[in-house]
Amino acid sequence: DAGVIQSPRHEVTEMGQEVTLRCKPISGHDYLFWYRQTMMRGLELLIYFNNNVPIDDSGMPEDRFSAKMPNASFSTLKIQPSEPRDSAVYFCASSATDSGNTIYFGEGSWLTVV
Amino acid sequence: AQSVTQLGSHVSVSEGALVLLRCNYSSSVPPYLFWYVQYPNQGLQLLLKYTTGATLVKGINGFEAEFKKSETSFHLTKPSAHMSDAAEYFCAVISGGGGNKLTFGTGTQLKVEL
């Protein structure tokens, strides 16, 4: 089975530009998570969805960040406008209610804002 | 809220020596506990998990962990370290409120020396 698929794997963008990160969860999974990893703050949960509905977005840093899940097989995380402090690795992850609480991670999107 | 504390941000062992990575949890309800491994420039991979049942849990690559309620610990061990074990290891707990929401520790970087 294909795992969680993220794109792009690497992105370098200029400050002020819009960034869109994409995620395809594992088929059949009903939970989707977006995490951010930085040296300073470690792994932070930004937002998670259950059955395409956002459940907890308390980790979203500010209004510049938004996430959507239009269907069960696709989610986006947008940053507009981007800032250098947004440079991080963004992980998408998914899990299924009946999977014993195991969360599966994608390979990450490595974002650099210059 | 539930949380985990990883003692020691860096651990160094000799090849063939015992690996011990420490994790203590804080939880008001029975926790679900996990260890993930992250190799350089890669995503997170599940090593093992404890949900219910047997307190000694065996995972991939020869790792195991024991859930000790009396000590609120879930330490990760491997009898004999291999060079390929060099990576960052994260302990994590399912947070209260349901929804499979994982909260991570700050990570332990394992270095294996010849």
Side-chain angles (χ1 to χ4, degrees), chain A residues 2-7 9-10 21 23-26 29-60 88-112, chain B residues 1-10 21 23 25 27 29-54 57-60 65 67 74 87-109:
Chain A
V4 176
I5 300 172
Q6 294 186 243
S7 65
R9 288 295 316 277
H10 298 272
L21 308 179
C23 176
K24 177 178 170 56
I26 294 172
H29 282 191
D30 53 347
Y31 283 90
L32 184 139
F33 307 81
W34 283 101
Y35 281 86
R36 178 173 68 175
Q37 185 178 34
T38 61
M39 289 290 291
M40 292 296 294
R41 302 174 69 90
L43 277 160
E44 304 172 277
L45 177 64
L46 299 179
I47 185 172
Y48 78 95
F49 297 82
N50 179 219
N51 292 323
N52 313 338
V53 176
I55 302 301
D56 183 351
D57 66 353
S58 59
M60 294 286 263
V89 184
Y90 292 82
F91 288 105
C92 179
S94 70
S95 70
T97 300
D98 58 355
S99 71
N101 305 97
T102 299
I103 297 178
Y104 297 88
F105 283 77
E107 292 291 301
S109 290
W110 302 69
L111 173 65
T112 301
Chain B
Q2 295 167 317
S3 65
V4 289
T5 301
Q6 291 184 242
L7 300 176
S9 59
H10 292 81
L21 304 182
C23 173
Y25 68 89
S27 174
V29 297
Y32 290 174
L33 294 159
F34 304 78
W35 276 100
Y36 281 82
V37 61
Q38 185 178 29
Y39 298 101
N41 301 320
Q42 294 188 24
L44 283 81
Q45 180 182 5
L46 180 68
L47 270 179
L48 50 79
K49 65 180 181 182
Y50 169 79
T51 53
T52 58
V57 181
K58 295 186 183 299
I60 62 172
F67 172 66
F74 191 58
E88 189 152 22
Y89 292 80
F90 293 92
C91 185
V93 63
I94 291 287
S95 295
N100 290 7
K101 181 178 168 181
L102 262 182
T103 300
F104 284 91
T106 51
T108 298
Q109 187 73 42

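Proteins get letters first, then strands, A, B, ... in listed order; numbering begins at 1 in each.
Taking CZ from A/Phe105 and OH from B/Tyr36, the interatomic distance works out to 5.5 Å, rounded to the nearest 0.5 Å. Between A/Thr102 atom OG1 and B/Tyr32 atom OH the span is 11.0 Å, to the nearest 0.5 Å. Atoms CG and CG, on A/Leu45 and B/Leu102 in that order, are 8.5 Å from each other to the nearest 0.5 Å.
The two residues B/Gln38 and A/Phe91 come nearest to each other via the heavy atoms NE2-CZ, 3.4 Å.
Every residue two or more places apart in sequence or in another chain that forms a side-chain contact (heavy atoms from CB on, under 4.5 Å) with A/Asp56 is listed here: A/Tyr48, A/Ser58, B/Lys101. Listed by chain and residue number, nothing satisfies the ring pair (Phe, Tyr, Trp, His ring centres under 6.0 Å) test with B/Phe90 (two or more places apart in sequence, or in another chain).
Both the backbone and the side chain of A/Ile103 come within less than 4.5 Å of a heavy atom in chain B. Only the side chain of A/Arg9 comes within contact range of chain B, judged by heavy atoms closer than 4.5 Å. Using a 4.5 Å cut-off between heavy atoms, A/Glu44 makes no contact with chain B at all.
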Verdict with reasoning, B/Leu44 to A/Leu43, per side-chain contact (heavy atoms from CB on, under 4.5 Å): CA-CA 11 Å; B/Leu44 283 81; A/Leu43 277 160; 3.7 Å; yes
